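To start, the structure under review is shown below, and the notes come after it.
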Amino acid sequence: MFFPISGAHISPIYLGIVGFVIGVLGGFFGVGGSFIAGPALRIVGLDWNYAVGTDLAHIVGKSVVAVRQHRAFGNVDLKLGFIMAIGTIIGAEIGAQLIQMLKRAGNVNFVVSVVSIAVYISISSFMIWESYKTLRSKKGRTAAATSAAGRKHDPSSFGHVTRSIQGWKIPPMIHLPVSGVTISLWVIVAVSFVGGVFSGFLGGGAGYIRMPSMVYVLGIPTHLAVGTDLFEIIISASYGTFSHAVKGNVDILIALVMHTGAAIGAQIGAIGTQYFAGPKIRLAFVPLPLIGAAIVIYTLMTGHKL
Amino acid sequence: MERVKKEAAKTLRAFLIELVVYAALVVTYFFLVLHFLGGWLHGLEAGHRYTYAGVAVLLMIGQAVLLQNVTTYLLRFIRRGAK
């Protein structure tokens, strides 16, 4: 099928399947999935700039579908999502500026690659350790057995650190009744800001950083972190889509085809979270950053940007 | 236990029906956009980038919100008819 905006010939079935896979992952883990969508679009010959912008556009639609489903289960904290969106957008702009600075210094690719590999592997290693330890504990076994019914009681082996962070009384303190957490506004802004910086610096929505941060730093139950992260992605990805479309990087027709698969996948993924307890979702999350790391290592070794 | 299994099967069936109706609507929406707006979007992207950017975001959000609402109403209508 010919897409006149980007001038690309791509099979709509391929786009639908890619969208479906990303939709399932997004609905289940609360990530945008750009680490898969970007390379998947690039492989079939779409220019890099169109791959990035078009991917963001389809993430918007997919996230709306998944959030509506998660909201029906009470898994979206709107107040937290709005606060985080502000920090993310500011952080993303600063991350993009950082990239420009490194471009001028002439070593952008190497620095970004090394940082991203370190970040991806650190997240995966930490989450393996934490979720495995939690699942082996008595509380974790009970939570796993009760599945989603006990989602507001989401045990974590890192819980003592989270509780001490929640104890920092730096005003203004924000009460999040949906998540059952009271925490300083500055901690929320800092977490979203860091996620935003990584998003601008490494590309994509950085859900692989934000979702675990929400669980381990803010103490948001995993199911709520997934739903709220998706809600936050709607805002930040809409902003990113607009910004990329103005620069001529979005083929909306490709995004709409991808969305046909993604919309269905996102519903399946969102429903899927209801059958797994928080620690199990976190353990299943582990391969995602590793896939990201593998793609970067491949790019670094071969010189072919996927 | 049997009752729980029956309930789960009923929920799964309802979800699958909703998914099939929704999938049909999403595909129809794409072809309608391609047929009626394809040329216009191409022109917009070439000449009016800000308008194109706004329309792009609206098309994505609109598709997700509108089609899910249509699916819900359609299923409600079908169930009422069946009763």
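Here is how names work: the chains are called A, B, and so on, in the same order as the sequence lines, proteins then strands, and each is numbered from 1. Keep in mind that this is a model prediction, so the values were computed, not measured.
- Between A/Leu41 atom CG and A/Thr54 atom OG1 the span is 6.5 Å, to the nearest 0.5 Å.
- Contact of B/Val55 with chain A is not made at all, since no heavy-atom distance falls under 4.5 Å.
- Your options are A/Pro12, A/Ala245, A/Ser63, and the one with the most heavy-atom pairs under 4.5 Å with chain B is A/Ala245.
- Interface residue B/Tyr50: backbone and side-chain heavy atoms are both found under 4.5 Å from chain A.
- Of the atoms belonging to B/Phe15, it is side-chain heavy atoms, and not backbone ones, that fall under 4.5 Å from chain A.
- Between A/Phe231 and A/Phe82, the ring centre distance stays below 6.0 Å.
- Residue A/Ile271 touches chain B through its side chain alone, counting heavy-atom pairs closer than 4.5 Å.
- Comparing A/Thr241, A/Val60, A/Ile264 by heavy-atom pairs within less than 4.5 Å of chain B, the highest count is held by A/Ile264.
- Listed options A/Asp251, A/Val250, A/Ile234 were ranked by heavy-atom pairs under 4.5 angstrom with chain B; first place goes to A/Val250.
- Applying the ring-ring contact (aromatic ring centres under 6.0 Å, His included) definition to pairs two or more places apart or across chains, those involving residues 2-23 of chain A are A/Phe2-A/His9.
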side-chain hydrogen bond (donor to acceptor under 3.5 Å, both in side chains) evaluation trace for A/Glu232 with A/Thr88: CA-CA 9 Å; A/Glu232 197 270 342; A/Thr88 302; 2.5 Å; yes

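- How far CG of A/Leu253 is from CG of B/Leu37: 9.0 Å, rounded to the nearest 0.5 Å.
- With a 4.5 angstrom heavy-atom cutoff, A/Lys247 touches chain B only via backbone atoms.
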Run A/Asn75 and A/Gln274 through side-chain contact (heavy atoms from CB on, under 4.5 Å) and show every step you take. CA-CA 10 Å; A/Asn75 289 344; A/Gln274 295 308 293; 3.2 Å; yes

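- Take B/His42 and apply the side-chain contact (heavy atoms from CB on, under 4.5 Å) test, not counting sequence neighbours, and it matches A/Pro4, A/Ile5.
- Only the side chain of A/Met1 has a heavy atom closer than 4.5 Å to any heavy atom of chain B.
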